[in-house]
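Chain naming here is simple, since letters A, B, ... match the order of the sequence lines and numbering starts at 1 in each. Just so it is clear, the structure is predicted and the values come from calculations on it, not from any experiment.
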Number of protein chains: 2
Amino acid sequence: MNINPAYNLLVVSTSTIHGSAFLSYIKEDFVQFIQTDELLFVPFARPSGISYKEYTAKVQHALADKHIKVKGLHDYPNKKTAIEEAKSIFVGGGNTFLLLKTLYDLDLMQQLRTQIAKGVPYVGTSAGSNLTGMSIGTTNDMPIVYPASFEALGLLPFNINPHYLDPDPHSTHKGETREIRIQEFHQFNKQPVIGLREGSWLEVRHGQIKLEGPWTARLFRRGAAAVELSPGLIHF
Amino acid sequence: MNINPAYNLLVVSTSTIHGSAFLSYIKEDFVQFIQTDELLFVPFARPSGISYKEYTAKVQHALADKHIKVKGLHDYPNKKTAIEEAKSIFVGGGNTFLLLKTLYDLDLMQQLRTQIAKGVPYVGTSAGSNLTGMSIGTTNDMPIVYPASFEALGLLPFNINPHYLDPDPHSTHKGETREIRIQEFHQFNKQPVIGLREGSWLEVRHGQIKLEGPWTARLFRRGAAAVELSPGLIHF
């Protein structure tokens, strides 16, 4: 599997784990990863419909003790230039359809790809991690808006399923399990899917992918049984 | 709320409830509702990726003791004529994106609307119930394929959320609850949403909507607190 060796990506399942504040469990790794005190925040996924300003303030607050200067992309009249000049980029979670639609509507996808290919560190949580894959076809979100395409940034040659959930053996609910949904995806799509449990993330550097956090991740390949990947370097 | 008085719709949350066979809990009502022994089945949502043939056989098997002749739409070379000549129509569940994409690709949406407006009984389960609403923007499914639009048949002046699930107060999972997802939907869409719990369905006749089954349904209106609707005639 070929990954551009220039990429520096942190592909995070969730911004928040149970019983802990926004970003707090990942903060040390986040700060060490971006290696700068300037962060461009992309608030377009708007979790629970909060405003860009509120969402950006949340990130500013979470990173204040690390002395990171966080600026929201929505605040720049020229957003392409803002991306071009960014020292590091963080795309927060929320609704993946809304995130992608906004990026297409503002014509920012290519600019993001270009900048990331220059090695600018990129952190994505949840919807922001879906964005690094080939498509948003394995998002868990509700399709509240219609984007111009489901094609994502395509930095990774697979898809991400964030907030991955194992089937509940006691459930009486007849909605599909996550695993069945991903199997349905593979009826129509070739790329592998990595299910990242809450608390897990991928660190991509030097063309290598490392699974971080306390859990294994679940790898789904078309036509093969799913397997568990252990933390550490991933080869597949 | 104006509903075309010619419509005969059965809008069903799920084909199957826990501990019971496919369609069995709803079979008596289904058969009484369609008032014919000829059923055109639309298998395009392909649950778990099963073939059209397998899915149609499942419906034939479930309705065999009621002597209903079930034919799959996929078997007709001219699908528009098949819809035009249908005595009753059943659109089964599975993946809503796949269902809608297939109907758009085959250019069958208008034909379905025309036929339903003539009073031909329509039964939809899960994805097939999403289809009766204004859009598929409140489906729970994974976007495994990209349809030409999210616009659904628009028979009802609201959206359906099938398999509606109440928040689990003991959950430690940070994915959005169903209610939060629907609130996000209302940031960008005006139409009300009815959350139908598994075991519930709407019967639409004479321009009236009746909630059937043992449960209340949850009505979400933009800018208002959600309310529970009791079984029986719905006024809103």
Which heavy atom of A/Pro157 sits nearest a heavy atom of A/Pro192, and at what distance?
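In terms of heavy atoms, the two residues are closest at O-CD, 3.7 Å.
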What's the spacing between [X] [atom1] and [Y] [atom2] if we round to 0.5 Å?
X: A/Leu153; Y: A/Leu100; atom1: CG; atom2: CG; answer: 8.0 Å
X: A/Leu211; Y: A/Leu202; atom1: CG; atom2: CG; answer: 6.0 Å
X: A/Ile234; Y: A/Leu229; atom1: CD1; atom2: CG; answer: 5.0 Å

Name the member of B/Pro47, B/Gly94, B/Ala148 that forms the most heavy-atom pairs with chain A at distances under 4.5 Å.
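The candidate making the most pairs under 4.5 Å is B/Ala148.
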Checking [X] against chain A: side chain, backbone, both or neither under 4.5 Å from a heavy atom?
X: B/Phe185; result: both
X: B/Leu98; result: side chain
X: B/Leu165; result: side chain

I'd like to know whether A/Ile34 forms a side-chain contact (heavy atoms from CB on, under 4.5 Å) with A/Leu10, so could you lay out the CA-CA distance, the side-chain angles of the two residues, the decisive distance to 0.1 Å, and finally the verdict.
CA-CA 9 Å; A/Ile34 61 171; A/Leu10 218 56; over 6 Å; no
Part of A/Phe150 lying under 4.5 Å from any heavy atom of chain B:
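Looking at A/Phe150, backbone and side chain both touch chain B.
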I'd like to know whether B/Phe22 forms a side-chain contact (heavy atoms from CB on, under 4.5 Å) with B/Val59, so could you lay out the CA-CA distance, the side-chain angles of the two residues, the decisive distance to 0.1 Å, and finally the verdict.
CA-CA 8 Å; B/Phe22 179 65; B/Val59 178; 3.8 Å; yes
Could you walk me through whether B/Val123 and B/Phe41 pass side-chain contact (heavy atoms from CB on, under 4.5 Å), step by step?
CA-CA 10 Å; B/Val123 181; B/Phe41 177 58; over 6 Å; no
How far apart are the C-alpha atoms of B/Phe90 and B/Leu73, what are their side-chain angles, what is the distance that settles it, and do they pass the side-chain contact (heavy atoms from CB on, under 4.5 Å) test?
CA-CA 10 Å; B/Phe90 172 31; B/Leu73 182 53; over 6 Å; no
Between chain B and chain A, going by a 3.5 Å limit, which atoms form donor-acceptor pairs, if any?
| from | atom 1 | to | atom 2 | distance (Å) |
| --- | --- | --- | --- | --- |
| B/Arg46 | NH2 | A/Gln187 | OE1 | 3.3 |
| B/Ser48 | N | A/Glu184 | OE2 | 2.8 |
| B/Asn140 | O | A/Arg181 | NH1 | 2.6 |
| B/Ile144 | O | A/Asn189 | ND2 | 2.9 |
| B/Tyr146 | OH | A/Tyr146 | OH | 3.4 |
| B/Tyr146 | OH | A/Pro147 | O | 2.6 |
| B/Tyr146 | OH | A/Ala148 | O | 2.8 |
| B/Tyr146 | OH | A/Ser149 | N | 3.4 |
| B/Pro147 | O | A/Tyr146 | OH | 2.6 |
| B/Ala148 | O | A/Tyr146 | OH | 2.9 |
| B/Ser149 | N | A/Tyr146 | OH | 3.4 |
| B/His173 | ND1 | A/Glu198 | OE2 | 3.3 |
| B/Lys174 | N | A/Glu198 | OE1 | 3.1 |
| B/Lys174 | N | A/Glu198 | OE2 | 2.8 |
| B/Gly175 | N | A/Glu198 | OE2 | 3.3 |
| B/Arg181 | NH1 | A/Asn140 | O | 2.6 |
| B/Glu184 | OE2 | A/Ser48 | N | 2.8 |
| B/Gln187 | OE1 | A/Arg46 | NH2 | 3.2 |
| B/Asn189 | ND2 | A/Ile144 | O | 2.9 |
| B/Glu198 | OE1 | A/Lys174 | N | 3.1 |
| B/Glu198 | OE2 | A/His173 | ND1 | 3.3 |
| B/Glu198 | OE2 | A/Lys174 | N | 2.9 |
| B/Glu198 | OE2 | A/Gly175 | N | 3.3 |

